[in-house]
Q: 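The following block contains the structure, expressed as structure tokens.
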Amino acid sequence: MTVKFFHFIDNIESFICRSLLAIFVCLLFAQILSREIFGYSIAWSEELSTYMFVWFVYFGASYAARLSAHNRVTFQFKKLSKKAVNYIEGIADLFWIAFNVYFVYLSFNFVFFKMNLFWKSQTLGVPMKYIYVILPLAFTLMTIRIIQVNYLKLVKGIDIRDPDKQDVQKMMEEGGGASTQKS
Amino acid sequence: MESTIVLILFGAFLVLLVLGAPITVALGVSALISFLYLGENPIKFVQIAFTSVGSFPLMALPAFILAGALMEAAGISRRLVHVAESFAGPFTGGISAATVFACLFFGAISGSGPATTAAVGMLMIPAMIDRGYNKGIASAITASSGSLGIIIPPSIPMVIFGISALGMQPPPEAVEKYGVFQSVSIPKLFIAGVLPGLLIAGSLLVMNYIICRRHGYRGSAEGFSGRNIACTLYKGFWALLAPLVILGGIYSGFFTPTEAAIVAIFYTLLIGFFVYRELSFKDLARSLETTTWLTGRVLLILFTATVFGRLLVENQIPAIIAEAMLSATDNIYIIWAMLIFFLLFVGMFMETLATILILTPVLLPIAYNLGIDPVHFGVVMVCALGIGFQTPPLGENLFIASGISNISIEEISVRALPFALINTIAIFLIAFFPDIVLWLPRAFGY
């Protein structure tokens with residue numbers, strides 16, 4: 001039970017994002033159908049899907065941080081050992097954390113002290129404040145993820161690889177099998 | 001004043017990149033330092049974080065990524081490759097020419113170069129090796145034609161370029177000098193990419209013919225089989241319909257690019273679940289997940305690159321670079337050559353979408369100041385960065401081709417050089433003759 005729970009927490013952004021993506025894709029499809037078939041355009045669907053998209057993007061960015069998928073330029077590290085690279089990237093990540101902390105401070109301040117409830121979205125009428133909440137929320141989560149990834153890499157010594165490279169690796173195994181079979 | 005800000009902005013950016021910080025962090029931190037140095041209110045960061053991402057056309061990005069991932073899982077890509085393979089027939093270098101055509105087809109549904117290489121390469125590289133091709137040559141051809149995936153529409157890099165360019169007005173002094181520029185839109189870019197994509201495919205076919213002749217790769221003995229073609233066409237009917245639905249919908253103006261991608265997603269789900277029955281809920285969940293992190297990482301760069309770009313424009317930096325270039329030479333061909341070599345160079349080291357997000361705010365105003373059409377510029381930029389996929393050290397296509405064929409990346413890169421060379425020549429033609437890009441959109445009345 002607890003294992004399951006931790007697995008859920010560890011992938012929470014992924015669950016949220018997949019749901020958001022599925023919902024706004026369906027919403028846009030419903031909009032196309034209703035326009036083309038019934039000649040009726042749902043006024044609020046574009047706005048709602050755009051806001052869901054923004055939430056999807058920033059939770060997705062946090063999930064990408066958990067997967068250590070954010071692109072870095074790495075060709076200068078070719079001669080160094082894996083461990084040394086991990087430490088250098090860990091130091092570079094301190095800048096990331098500093099940036100995020102400052103950004104969370106800025107956006108928290110903006111959302112809770114500068115934005116009032118009268119600034120509402122155009123068709124939904126929801127105060128923009130509640131939609132902007134994603135910024136402090138997602139950047140806080142992302143910061144936690146960066147610390148988590150560096151902890152796993154540097155302290156626990158777990159190899160976390162960019163999913164791009166994992167894909168290539170997987171393909172190498174499958175492809176290698178396929179080509180030996182054929183020839 | 002301006003030179004200090006350039007020093008801070010680019011200096012901090014490069015230091016962080018070399019230190020191995022993620023690209024988005026290098027952009028964000030250097031922009032933040034410059035903001036604080038200039039004494040500007042950093043609250044702009046918060047507003048840009050929301051407005052840069054919260055745009056409706058941008059939703060085309062996750063939609064196309066999802067559509068591509070689903071088509072792969074649903075078996076649509078595989079059937080497209082079989083159709084191309086059946087046409088190979090008795091020609092010299094026929095099967096490798098079919099690889100180019102397969103990439104052309106697949107490029108019309110997928111927006112990504114590596115995805116194209118993987119989907120086509122898995123089937124075609126073993127097929128070519130079967131027919132006695134050198135493994136290195138077979139991999140090089142696939143890696144080189146994989147770049148077609150990002151030029152033939154729908155193209156994810158073009159969506160990204162379109163989004164970056166939408167927010168940028170041509171500077172008034174450029175308008176005064178060269179007249180009004182046409183506006184940029186994603187459908188227009190998609191139409192503009194067709195002829196250049198065909199030209200590059202043609203150049204690959206020429207090089208392929210030369211190489212295959214020299215190595216004596218003849219066509220198959222069984223000859224041209226009409227029956228075989230009819231059979232694959234029949235089996236691939238629903239798959240072939242997919243590019244038609246997407247592109248037809250966009251070009252006829254029936255759908256916006258975002259809507260076309262959404263329709264493609266539901267079309268693929270329908271075909272994958274009920275007609276081909278190859279799609280499972282597990283595939284669906286995996287496709288959704290891939291879309292999540294890919295979109296998240298690209299669009300976080302969009303946010304920081306927008307702040308970075310705005311700083312550049314506010315400080316007139318692109319205009320200064322353009323002036324410097326013009327004072328060195330006013331020959332537009334030499335300027336194009338400088339731009340193309342710069343893009344080829346950057347494309348070797350950086351991920352394509354990140355490069356477009358970073359360089360568009362710098363280079364597009366320069367292009368405006370030189371009187372270059374924005375759509376023309378965008379297509380040349382995407383084509384030039386596409387070559388980066390097939391050159392080391394960061395050639396995703398090479399990694400994938402090498403993974404499939406078990407040939408070292410070094411050998412494939414050497415074999416891919418002639419293709420990269422002829423591609424570069426094609427790009428120069430596209431740059432020097434703007435009508436290759438601009439004629440088709442004009443004919444469509446955009």
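Per chain, numbering begins at 1; letters A, B, ... match sequence-line order. The structure presented is a predicted model; accordingly, all values stated were derived computationally and were not measured.
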Q: At a heavy-atom separation under 4.5 Å, does B/F266 approach chain A through its side chain, its backbone, both, or neither?
A: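 When you check distances to chain A, only side chain atoms of B/F266 fall under 4.5 Å.
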Q: Might you point out which heavy atoms bring A/F99 and B/L32 nearest each other, and give the distance in Å?
A: CD1-CD2, 3.8 Å
Q: Which heavy-atom pair separates A/C17 from B/T292 by the least distance, and what is that distance?
A: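 In this case the closest contact between A/C17 and B/T292 is CB-CG2, 3.3 Å.
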Q: Side chain, backbone, both or neither: which part of A/L106 has a heavy atom under 4.5 Å from chain B?
A: both
Q: Suppose we screen for salt bridge (Lys or Arg N to Asp or Glu O under 4.0 Å). Which residues come up paired with A/E46, at least two apart in sequence or across chains?
A: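 Salt bridge (Lys or Arg N to Asp or Glu O under 4.0 Å) list for A/E46, sorted by chain: empty.
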Q: If we only count heavy atoms from C-beta on, is the A/N71 to B/I301 side-chain gap below 4.5 Å?
A: yes
Q: Side-chain donor-acceptor contacts of residues 20-34 of chain A below 3.5 Å, not counting sequence neighbours, with atom names and distances?
A:
from, atom 1, to, atom 2, distance (Å)
A/Q31, OE1, A/I42, N, 3.2
A/Q31, OE1, A/S45, OG, 3.1
A/S34, OG, A/Q31, O, 3.4
A/S34, OG, A/Y40, O, 2.6

Q: For chain B, which of A/R66, A/E36, A/R72 has the most heavy-atom pairs under 4.5 Å?
A: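 Highest number of pairs under 4.5 Å: A/R72.
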Q: Give, as side chain, backbone, both or neither, the part of B/V46 having an atom under 4.5 angstrom from any heavy atom of chain A.
A: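 Both parts, backbone and side chain.
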Q: Taking the six-membered ring for Trp, is the centroid-to-centroid distance between A/F110 and B/F50 below 6.0 Å?
A: no
Q: Any idea which heavy atoms bring A/H70 and B/T24 closest together, and the distance?
A: ND1-CG2, 4.2 Å
Q: Of the backbone (N, CA, C, O) and the side chain (C-beta and beyond), which part of A/S49 lies under 4.5 Å from a heavy atom of chain B, both, or neither?
A: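 Both backbone and side chain.
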Q: Considering only heavy atoms, which portion of B/A49 lies under 4.5 Å from any heavy atom of chain A: side chain, backbone, both, or neither?
A: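 Both backbone and side chain.
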Q: What part of A/M128 is in contact with chain B, defined as an atom under 4.5 angstrom from a non-hydrogen atom: side chain, backbone, both or neither?
A: side chain
Q: Which pair of heavy atoms, one from A/V54 and one from B/G54, lies closest together, and at what distance?
A: CG2-CA, 3.4 Å
Q: Around atom CZ of B/F254, are there more than 12 heavy atoms from other residues, nucleotides or ligands closer than 6.0 Å?
A: no
Q: Sort B/P42 into side chain, backbone, both or neither according to what part of it lies under 4.5 angstrom from a heavy atom of chain A.
A: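 For B/P42, heavy atoms of backbone and side chain both lie under 4.5 Å from chain A.
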Q: Is chain A contacted by the side chain of B/L17, its backbone, both, or neither, given a heavy-atom distance below 4.5 Å?
A: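 For B/L17, heavy atoms of backbone and side chain both lie under 4.5 Å from chain A.
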Q: Please state whether the rings of B/F303 and A/Y58 are parallel, tilted or perpendicular, taking 30° and 60° as the class boundaries.
A: perpendicular
Q: Using non-hydrogen atoms and a 4.5 Å limit, figure out which bit of A/F15 sits close to chain B: side chain, backbone, both or neither.
A: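 Neither part, no heavy atoms under 4.5 Å.
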Q: At a heavy-atom separation under 4.5 Å, does B/S55 approach chain A through its side chain, its backbone, both, or neither?
A: backbone
Q: Tell me, for B/L58 versus chain A, whether the close heavy atoms (under 4.5 Å) come from the side chain, the backbone, both or neither.
A: both
Q: Tell me, please, which residues at least two apart from A/Y102 pass side chain to side chain donor-acceptor pair (under 3.5 Å).
A: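 A/Y102 satisfies side chain to side chain donor-acceptor pair (under 3.5 Å) with no residue once adjacent residues are dropped.
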Q: Counting a contact as any heavy-atom pair under 4.5 Å apart, which residues of residues 139-154 of chain A contact chain B?
A: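 Under the 4.5 Å heavy-atom cut-off, A/F139, A/M142 qualify.
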Q: If you count heavy-atom pairs within less than 4.5 Å of chain B, which of A/K78, A/E13, A/E89, A/R35 leads?
A: A/R35
Q: Which atoms of B/L19 are under 4.5 Å from chain A, going by heavy atoms: the side chain, the backbone, both sets, or neither?
A: both
Q: Against chain B, label A/F95 side chain, backbone, both or neither, depending on which of its atoms sit under 4.5 Å from a heavy atom there.
A: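 Both parts, backbone and side chain.
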Q: List the atom of B/R297, the atom of A/A64, and the distance in Å for their closest heavy-atom pair.
A: CB-CB, 4.0 Å
Q: Working to the nearest 0.5 angstrom, can you tell me the gap between A/F53 CZ and B/L299 CG?
A: 5.0 Å
Q: Which bit of B/L66 is near chain A, if near means a heavy-atom gap under 4.5 Å: side chain, backbone, both or neither?
A: side chain
Q: Where do B/V18 and A/F77 come nearest, in terms of heavy atoms and distance?
A: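 Smallest interatomic distance, heavy atoms only, reads O-CZ, 3.6 Å.
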Q: Under 4.5 Å heavy-atom distance to chain A, tell me which part of B/A261 shows up: side chain, backbone, both or neither.
A: neither
